[in-house]
Structure formats: C-alpha cells, structure tokens
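Whatever order the structure lists them in is the order used to number ligands and atoms, beginning at 1.
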Amino acid sequence: MKPRGAGSVTNARAVPDGVDDFPTPCWATRALVRCVLPTLGLSVEGARVWEPAAGRGIMSLVLEEFGARVFASDVIDYGCTVAGKRVLDAVGSFVGEGPDVTPSRAADWIVTNPPFRLAADFFERGISEAPLVALLLRSNWAEGVDRYERIFSKHPPLAIAQFVERVPMVRGRWDPDATTATAYAWFVWLRGASVGTRMLWIPPGQRQALTYPDDRRRFAVEPEPDML
Ligand SMILES: C[S@@+](CC[C@H](N)C(=O)[O-])C[C@H]1O[C@@H](n2cnc3c(N)ncnc32)[C@H](O)[C@@H]1O
C-alpha cells in the first residue's frame, strides 16, 4: 500500500489471510461521537478509550480528535505510523487468538468494530473491561436466537443506532468512494443498564458532512496493483 501524502497513516506489512482487515471510514466514528453519544448523554472527551481491534488506527485517531485518551491494540501489527509514532500501543489478541492483550490502564470505554465472527466474544470481554461499550456491527447482528440468548436477553444495549446511509468498508484500505449493500449500526451498552434499548437513526447527510477535506490525505491509501 502506498500512502497518499506525508500525513497519511503509513504501513508496509503483509497482512495474513483470514483477519477481518476492513479499515473504518472516519465519518462512521465521527457519527458515533456527534450523532449518537450526545443523545444518550454520553461523551468520549477525556475518557480512557480502548480500541482493541485498531488495525491501521483510523478509528483510534478519529476518537482522539474528540479528546479521547486512546489505547490502541490489534492482534496483527500492521506496522502503521503517524508522524513517526506507532499507531498501536500494543499487539495481541482481545479474544481467542493466542495470549490476550492487557491494557496499560483501566478503560472507561471499549470502542471498536470487531471481526464479525468474534463480535459476541468481543462484547463479552469488552463489558468486563469497561462500563461502556460501543461496537460498529452489521445491522443483522441484532437477529439470531443464539445471539439473543447469549447477549441481548442478558445485556440489552442502551441503544442501537442505525446508519441510514451505507458505510462501505473495503479489505485492506479505506476507499472514500466505495459502495456497499451491507447495512451497519452502532450498538452501545452501559454495564448493568436496565432502561430498555433506544432505537436511533444516524440521519442522512453524515457521510458528506463528517468526511473532512483532509481525510483523504490522512487515511486513504492507494492499493498495490495486485490488490486491484
Ligand atoms: C474491521 S477491522 C477494524 C478496523 C479498525 N477499527 C479501523 O479503525 O480501521 C477488524 C480488526 O480486527 C483485528 N482482529 C482480528 N482478530 C482479532 C483478535 N482476536 N483480537 C484483536 N484484534 C483482532 C484485525 O486484525 C482487524 O484489524
């Protein structure tokens, strides 16, 4: 992958097959902070946020824009740096793939978009690590008998915030011009909350409004020819 500009997240490592390497469009994380959390009376400003599937660091860097104190880890070391500083604070599994990573400090929040196949495990470890958890997941994660019995019947989310627009994610890079047929939502939990789940909608226009002119230079990278 070739970084687009001097301020880009740079990365040079080969990524093994089988990990869900789908960098997150910046605007989707900004939508959580701008459109969802204020409605719930919540914020990440000044909070200790652990992003445990940080990948190339896009979500963690966006959370820092809002004053979050982010601890970023991933099972894969993508070798990314920003202005010479490594994006990841630690390399290790959050769940199930070798020794678990442990953070250097307690967390107020777990915020991430985990691999789909490990999302329930991520939730369970997440809510044991922090009182607040926000996971960006496919909307159809809300269905399924097994998940209902394992997660939703015991831990109803505080809110499910459905993106009205699609959130395209492309393997190995953020492509600002990509499209997708998959629907996504933010699932937000407060440990022990029993107030019922609020259904919210992230309104249209956020993809444009929350994608900033500098994002392409910072985060978009050109694929190597063999990835096209
Ligand atoms: C959808 S991507 C997350 C993208 C990232 N949040 C961002 O801002 O671009 C999922 C990430 O989960 C990581 N992953 C896969 N299995 C994992 C595990 N057991 N523990 C921690 N991270 C894992 C992958 O390496 C990948 O970076």
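Between Pro52 and the choices Asp100, Ile110, Val95, Asp74, the side chain to side chain contact (heavy atoms under 4.5 Å, CB included) rule is met once, by Ile110. Remark: of the listed residues Thr29, Ile202, Leu210, Leu210 is the sole one forming a side chain to side chain contact (heavy atoms under 4.5 Å, CB included) with Arg34.
Aromatic ring pairs are classed by plane angle as parallel below 30°, tilted from 30° to 60° and perpendicular above 60°; the pair Phe123 and Trp189 is tilted.
Under a 4.0 Å criterion applied to the non-hydrogen atoms of Gly55, ligand 1 contributes the atoms 27 (O). Counting the atoms of ligand 1 from 1 in the order shown, those under 4.0 Å from a heavy atom of Pro23 are 9 (O). Residue Ala54 approaches ligand 1 through these ligand atoms, each under 4.0 Å from one of its heavy atoms: 5 (C), 7 (C), 8 (O). The distance from ligand 1 to the heavy atoms of Phe22 drops below 4.0 Å at these ligand atoms: 1 (C), 2 (S), 4 (C). For ligand 1, the atoms closer than 4.0 angstrom to any heavy atom of Ser93 are 19 (N), 20 (N). Atoms of ligand 1 lying under 4.0 Å from any heavy atom of Pro52, numbered from 1 in the order shown and given with element: 21 (C), 22 (N). Near Tyr78, meaning under 4.0 Å from one of its heavy atoms, ligand 1 places the atoms 24 (C), 25 (O), 26 (C), 27 (O). Below 4.0 Å from some heavy atom of Met59 lie the following atoms of ligand 1, by number and element: 7 (C), 8 (O).
Heavy atoms of Met169 come nearer than 4.0 angstrom to ligand 1 in no pair at all. Contact analysis leaves Trp174 out of contact with ligand 1, as no non-hydrogen atom separation drops below 4.0 angstrom.
Judged by the 6.0 Å and 45° rule, Arg30 forms a cation-pi pair with Tyr212. Taking the ring centre of Phe94 as origin, the terminal cationic atom of Arg125 falls inside the region bounded by 6.0 Å and 45° from the ring axis.
For ligand 1, the polar-atom distance check finds no N/O of Arg56 at less than 3.5 Å from any of the ligand's N/O atoms. Considering backbone and side-chain atoms alike, Arg117 places every N or O at 3.5 Å or more from each N or O of ligand 1.
If you check which protein heavy atom lies closest to atom 20 (N) of ligand 1, you get Phe94 N, 2.9 Å. Of all protein heavy atoms, the one lying nearest to atom 2 (S) of ligand 1 is Asp20 O, 2.9 Å. Nearest non-hydrogen protein atom to atom 18 (C) of ligand 1 is Val75 CB, 3.8 Å.
Checked for salt-bridge contact, Asp20 and Arg117 miss the test: no charged N lies under 4.0 Å from a carboxylate O. With salt bridges taken as basic N to acidic carboxylate O contacts below 4.0 Å, none links Arg171 and Asp21.
The environment of Tyr148 atom OH is sparse: at most 12 non-hydrogen atoms of other residues, nucleotides or ligands sit within 6.0 angstrom.
One option in Asp74, Ile58, Leu136 has a heavy atom closer to atom 25 (O) of ligand 1 than any other, and that option is Asp74.
Listed here is the closest heavy atom pair of Met59 and Thr24: CE-CG2, 3.8 Å. What you find for Phe22 and Val170 is that their closest heavy atoms are CD2-C, 3.5 Å.
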